[in-house]
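One structure below.
Atoms within a ligand are numbered from 1 in the order they appear, just like the ligands themselves. None of the values given here were measured: they were computed from a predicted structure.
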Amino acid sequence: MHSILHVIGARPHFMKLAPLYHAIQDDPDLTQIIAHTGQHYDHVLSGAFLSEFGLGVPDVNLGVGSDRHVPQMARIMSGLDAVLADRQPDIVFVYGDTNSTAAGAITAAKNHIPLAHVEAGLREFDKRIPEEINKLLTDAVTDLYFCPTGTAVRNLASQGLHKGVHQVGDTVIDWLWKTTREQDLGMMIERFEVEPGSYCVVTCHRASNTDHPAHLRAIWTALNQLDHPVIFPAHPRTRTVLERQGMLAEAAAHVRIIPPTGFWETQALLHHARAVLTDSGGIIKEAYFHQTPTVILDRQTEWIEIVEEGWAVIAGPDTSAILQGMRDLNVPDTHNSVLGGGGAARQIIEITKSYLNETP
Ligand code: UD1
């Protein structure tokens, strides 16, 4: 019997973990522990997702809360160090590219515990992006790299990382393949009072936009000029900046700022939207799954394959590029499911078991 300790803490982790968590529950050879760092503490960003994905109450909650990045990571590392000493897992799993991911990775490595990184190898090639630093730090100490795409595998190879690298697809896409048909996505958008195919969904929370009022202003100006209703579930930090800069008060009648939505409500909104405008890597790939074209509100993306297939265009925080992207909106004829066909979690478990059986 092998034990896995999952480090999670921020909204995108819950959906990445869900398919793995449920597959491990059914596996007689594995046990698992969830350690929540507490990076996200608002119910809408954390508790709601834990219950939506059937993840229960985490075994451990470090309760670190918000802070500048370095003290936040230091608190995660310090708390997790004690948890690892106490629980002695055979392997630690980290997800994505948040501060919780990198802090979890460093702590596992310092304790000589094997480390698996789900969503390894993604790069945006700009160290001013906090998530890019987290990706680089995490992959530097990972033992098992679970890559969602061929680009991710090539990024690791270009850094000389070949051992333990596996292209398995994306676990969020697993979850969507497995569960979308059970959901009534049409009914879920009723409360938004929008016509399917007629509205745009916007999300924006990257520091490169929220920490630069001029960038947020450029995006905001574009949204206020769109010809379609805009539904904008705003991350708490984005709402704070919009308020502080006086932008909320200037919203055009067709722009609706709402609190963050749950996972399935988000999927329903993406599924029926005419277009998505976002700076979130997670939303870009989910919109791709739903075959909804996307305008990226960031200057680069890690999801190169989606841009190459024509499902997303990069506009950045630039009013005229965003409006041009919307005018040129393209629904490609082909969709090659570049993020995998739904078998990522199963592959990750099989590879992990062989690795643990072979590791003395
Ligand atoms: C983090 C991740 C990002 C991920 C995002 C998903 C890092 C560096 N970034 O960004 O990759 O896409 O989560 O949401 O780890 N806040 C709240 N309530 C909360 C959590 C945060 O209001 O529950 C506000 C606070 O004002 C806080 C700010 O958001 O200071 C930043 O929170 P933080 O967790 O550091 O980063 P996110 O912007 O959420």
**Per-atom contact, atom 26 (O) of ligand 1, protein heavy atoms, under 4.0 angstrom** = no
**Request:** Look at atom 32 (O) of ligand 1 and find which of Gly65, Gly282, Ser66 reaches it with the closest heavy atom.
**Result:** Ser66
**Request:** For His2 and Asn357, test the side chains for any donor-to-acceptor distance below 3.5 angstrom and give the result as yes or no.
**Result:** yes
**Message:** Pairs of nitrogen or oxygen atoms closer than 3.5 Å, one from Thr98 and one from ligand 1: do any exist?
**Reply:** no
**Prompt:** Which class fits the ring pair His271 and His290: parallel under 30°, tilted 30 to 60°, perpendicular over 60°?
**Reply:** perpendicular
**Message:** Students often mix this up, so state it plainly: with edges at 30° and 60°, are the rings of Phe93 and Tyr95 parallel, tilted or perpendicular?
**Reply:** tilted
**Request:** Would you mind finding which of Arg68, Met73, His69, His40 brings a heavy atom closest to atom 14 (O) of ligand 1?
**Result:** His40
**Request:** Specify the closest pair of heavy atoms between Leu185 and Ala268, including all atoms of both residues, with the distance to one decimal.
**Result:** O-CB, 3.4 Å
**Request:** Determine, stepwise, if the pair Glu305 / Thr151 fulfils side-chain hydrogen bond (donor to acceptor under 3.5 Å, both in side chains).
**Result:** CA-CA 8 Å; Glu305 282 87 347; Thr151 300; 2.6 Å; yes
**Message:** Below a 4.0 angstrom heavy-atom separation, can you tell me which part of Asn99, side chain or backbone, both or neither, approaches ligand 1?
**Reply:** both
**Asked** Aromatic rings Phe289 and Trp177: how do their planes relate, parallel, tilted or perpendicular, breaks at 30° and 60°?
**Response** perpendicular
**Request:** For ligand 1, indicate whether the residue Glu131 contacts it via side chain, backbone, both or neither (heavy-atom separation under 4.0 Å).
**Result:** side chain
**Item:** Any Arg206 heavy atom less than 4.0 Å to ligand 1
**Value:** no
**Request:** May I ask you to check if ligand 1 and Arg237 share an N or O to N or O distance below 3.5 Å?
**Result:** yes
**Request:** Measure Thr210 to ligand 1 on non-hydrogen atoms and call it side chain, backbone, both or neither using the 4.0 Å cut-off.
**Result:** neither
**Request:** With heavy atoms under 4.0 Å as the rule, classify the contact between Ser100 and ligand 1 as side chain, backbone, both or neither.
**Result:** neither
**Asked** Would you say the side-chain atoms of His13 and Thr98 include a donor-acceptor pair closer than 3.5 Å?
**Response** yes
